[in-house]
Amino acid sequence: AAGMFLRLLSDIQWRAANPKWRRMTSSQRSTSTTAEPHPVSLPAQAQVVICGGGITGTSVAYHLSKMGWKDIVLLEQGRLAAGTTRFCAGIVSTARPVSIELKMAHYSNKLYQQLEQETGVPTGYTRTGSLSLAQTQDRLISLKRVASSLNVMGIPCEIITPKQALQLHPLINIHDLVGAMYVPEDALVTSANVSLALATAASRNGVQIHERTSVSHVTVHKGRVTGVETDRGRIQCQYFVNCAGQWAYELGHSGEEPVHIPLHACEHFYLLTHPLAEPLSSSLPTVVDPDGRIYVRNWQGGILSGGFEKNPKPLFTEGRNQLEIQNLQEDWDHFGPLLSSLLRRMPGLEALQILQLVNCPESFTPDMRCIMGESPTARGYFVLAGMNSAGISYGGGAGKYLAEWMVNGYPSDNVWPLDLKRFGTLQSSRTFLRHRVMEVMPLMCDLKVPRWDFQTGRQLRTSPLYDRLDAQGARWMEKHGFERVKYFVPPGKDLLDLDHSKTFYKPDWFDIVGAEVKCCKEAVCVIDMSSFTKFEISSTGDQALESLQYLFSNDLDVPVGHVVHTGMLNEKGGYENDCSIARLSKRSFFMISPTDQQVHCWAWLKNRLPDDSNLTLEDVTWKYTALNLIGPRAVDVLSELSYAPMTAEHFPSLFCKEMSVGYANGIRVMSITHTGEPGFVLYIPIEYALHVYNEVMNMGQKYGIRNAGYYALRSLRIEKFFAFWGQDLDAFTTPMECGREFQVKLEKGMEFVGQEALLEQKQNGVYKRFTMFILEDHDTDMDLWPWWGEPIFRNGRYVGKTTSSAYSYTLERHVCLGFVHNFDEKTGEELVVTTDFINQGEYEIDIAGQRFQAKAKLYPFSSLFAQRRRKDEVELSGYQRE
Amino acid sequence: FYLTPPQVNSILKANEYSFKVPEFDGKNVSSVLGFDSNQLPANAPIEDRRSAATCLQTRGMLLGVFDGHAGCACAQAVSERLFYYIAVSLLPHETLLEIENAVESGRALLPILQWHKHPNDYFSKEASKLYFNSLRTYWQELIDLNSGETTDVREALINAFKRLDNDISLEAQVGDPNSFLNYLVLRVAFSGATACVAHVDGIDLHIANTGDSRAMLGVQEEDGSWSAVNLSYDHNAQNEHEVERVKMEHPKSEEKSLVKQDRLLGLLMPFRAFGDVKFKWSIELQKRVIESGPDQLNDNEYTKFIPPNYYTPPYLTAEPEVIHHKLRPQDKFLVLATDGLWETMHRQDVARIVGEYLTGVHHQQPIAVGGYKVTLGQMHGLLTERRARISSVFEDQNAATHLIRHAVGNNEFGTVDHERLSKMLSLPEELARMYRDDITIIVVQFNSHVI
């Protein structure tokens, strides 16, 4: 019979324009009330033009109109919800590892649930719940971590046994399972109809929707959006929103001033079947089997099942001229492994009859997180795209955040992980994107362990010392395209290969990093920190100082040669950036910020510095190699190399001086280390980098110098309670909340951004407090390691999450940093957090469902600081409420 | 004894070579896209040779396979030298003059050929001066003969073949003061080699064949299926015309002794070949050369042995039969291979296997469900079967390797059987020759965009 079948198939020429899928969705289309069959002429102007009528575009329009903006035009090149949205599998799943994504999905779920009632458009919303299966213990751990986050968000979720899973879904084979996670409130929707419902509501609120209208490009004048050109004429507008899904990249590049939106489409396949002999219940939970790389939901009595294969097929790399979405081929050979996986999970489906294999392209981003926010180069140009195959789960929440961003200037939660400005032009190469998404798509199902790194698109930005460090055993990670050393593998020592080194427990580099830390404490280490973002701000008169005094919270009117740690705050007093600024001369400043600030900080300053030709801002990141000499003997190495006294009397902490090192002149030496250890950072013009490095290593030999990497640095800074922007600090955290009042000069004689908010906090107290936790009953060898995002419990009640963690080789304990809130027991309202509140609690940290006792501290261990410090650093212990 | 698939692959791929004609402005303007070649030895050392080169002073590309017998010396020499003879035969008078003047005045020589060689394909350094001098004498004669006419490729090929064989014969008669070289030229002359050479220039394809290697064109029919067109005739006892020719060239009295047991004089399989002076020289000449030759030659029973019924030499020629073919869009590839391949595979199968390989699995008819009733289980079974079938294709990046895999490993169902492959490849040296011959294959892929 099989042979017969084979012959039959080979006789048929399959046309992808099979009417079948049309039939499947046409009935749904007729319910649309917003589609205008004949084009109404476009308005000449509007406040907002949204491009894209899929789930993201309609969600943005819905939320903007709800928030009171009415003058909105939504343009769709084809029909509403006819692109990826139509083909989407319609699973609303909240089981997301990243907290902001989890919040978006949770909001979407609540939104869709009431959408039919609100709009009258049937959305097919069914609360089925979802089952995530674990075939391995490691997978179960990762599910338990997600479960912990869901529970503290108030989303019901349990870890269950395979037998319990079988009771929830009678078709699954549980023989190879070790456990599962059940999220009862996850739902299914008809995704096109959700989008149409959102459009209907938006339309009722005054949003004009025009189908069959393509945007050719967006016009920008003096860094602001002025309008859009379409195939049906021009619309003037102040805001443009690019919700063009997989075409967002091209649309971003179509204007004169390109907006880089790094995403790339991949083919994505799922299977539809006829109903089972006894049709499946529509309330049967969705099954996700990440180890088998598949998901399965009930669909019209049969199933819908797709997955994320190991060998994805990227498409549209050369642009959209090749194939229309509807003409994509089914590729059974490609789907084969996923089909095997499906039949292994549900052997009972063997006899189920195939309806169709759908090929639905999805767009993926370089870091698996979606892209939202405003362009760094064109004000008023907003983006929401790159949903990584979770458009339905995120669409509602993401649209809300973007609408808030446009209306209020910033969303109601920290969306930095999704901010367009986390990327620069460097992630915008088509080759890079093509290669990276081929790694990203399989990662949707791969186990994500702490500190995993992307393997594709590497070695793009490197320090001039890259080869030299690599030859000495450097192992690399990447930040904003820049290669940074994690640690150095000593000669003769082998580490596990990539796959085997994945662990939630003690990693194989534990002793290696320990030795590097020890050397930082007792002798001296060199860390290449060239990736940090470096700007120079200078002016002919006092403009630089005046502008910086306004934009930064600390007092920058310090004597020449001083270095100041300061926040760059927003109006609410939250950290937009945390940086060190050296005053090079009366009129010029050198600013060092975290690596991923390159685009964000640049845009922030550009938008706020006065338009004055006498004031210049320059990105000098690429001009300098930064070597961090850490340790008590750094001073000896440097004074021998420069014939200059480097002791604290001559070169106090937080000082900056240009000097010669070896033969090389003009090296900016700063007495900062980013770790709290004694030492210096050398900013070396790149052509001298190799020379200075060689000199330092030669001279350092007698002081026991060695190379070290960022893992050592991280352990050092965390055990000293140093917060890091992007990890611990964000736009919703103020200096007052993290014990850094000493870095704020409230009375510096002039106004600065965020001052008012900080004064108010000083008056009324803070609602969260950055706290250090020392894990007490945690066995480093045997227990799961903390990472970040672990829930913190105070007296058994959830009070916040950790933001970073590291093993302290000095304390021989794990240290977690995180924020403690004070939620009212009855109302859940946030109350003021006092020192007493912190100090009088019993704390536990939840790592994948297991709670460990932790000791809370508001001040670092003073015994960890070896050096005498300048006065303002002694105040590191920081802000204390009376 | 069992070879794992990676071990099998490393044996099969040891000699594989691929060449892609470089593109200009993203376009390949040549009628040749490139070629894949490979060899699998049965003899130790292998007696087959292969060559490929681009003519630099005229247009066109040369490709050839050479099957040696009684040692590899002759095949080696022909593989090094024949293309130079062909290229020189094709050169216009002015270019020949230019080259001769350059040599005369010690200036740098115009490059004549660009070779495309596998690292294992070697050229003998010691004989290069000797070979060069013979070649120079040839072009000097061509200069003197200047006919003023444009060179005809057919004629050039025939002249080159004959001239080289003549030079091989002369060099052996004259000898060389250097004893190593002296022995070398004798070994070249007393061993033999067949040659099958293709010259491709635009849509003009010429095949010059001497012996029993074979050239075959792969043609894709309108329905997508593959068929084979022979572009050479085997010169052996199975070819009636060949038997007829040999008989014509000798008196009627020898008719019975000329071809015995399907061999020339009961000894030689191919009816045309380079070298093999034992079938070309008079008995006197053979005796004289052997006696004056080095001891190694004297001690060799084979060289001393005079074929029976040897009355009216020469019995053997190196003159090729030339076939001209104008390439058509449906002509997708050319296979040149020594008899080791053709003994095991029918040309129709060769055409199909290479054709399917070159067009790739992705061009295979995709599976489609359409309106048929197909269950998940049936589909799963079908996909599994397809995967197994195409996995052998995916293992090879080289069409010649793929063909060798089939030639050696095919079972009675025409699919590669790993067990059989493993057995055939792990035969000890002395047994290998009994089960298979040396195989040498060149697969040339044509550029449909140009043709």
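Computed from heavy atoms alone, side chains included, the values below leave out hydrogens, waters and symmetry copies. Note that the structure is predicted; figures quoted are calculated from it, not measured. We name chains A, B, ... by the order of the sequence lines, and we start the count at 1 in each one.
- The CG atom of A:Leu357 sits 8.0 Å away from atom CE of B:Met379, with the distance rounded to the nearest 0.5 Å.
- Here A:Ser429 pairs with nothing under the side-chain hydrogen bond (donor to acceptor under 3.5 Å, both in side chains) rule; sequence neighbours left out.
- More than 12 heavy atoms of other shown residues, nucleotides or ligands fall within 6.0 angstrom of atom CD in B:Glu221.
- A pairwise comparison of heavy atoms in A:Leu343 and B:Leu376 identifies CD1-O, 3.9 Å as the closest pair.
- The environment of B:Glu419 atom CD is sparse: at most 12 non-hydrogen atoms of other residues, nucleotides or ligands sit within 6.0 angstrom.
- Comparing A:Pro337, A:Ser340, A:Ala351 by heavy-atom pairs within less than 4.5 Å of chain B, the highest count is held by A:Ser340.
- Considering CD of A:Glu350 and NE2 of B:His380, their distance stands at 8.0 Å, rounded to 0.5 Å.
- More than 12 heavy atoms of other residues, nucleotides or ligands sit less than 6.0 Å from atom CZ of B:Arg328.
- The minimum heavy-atom distance between B:Thr375 and A:Ile354, with the atom names listed, is O-CD1, 3.9 Å.
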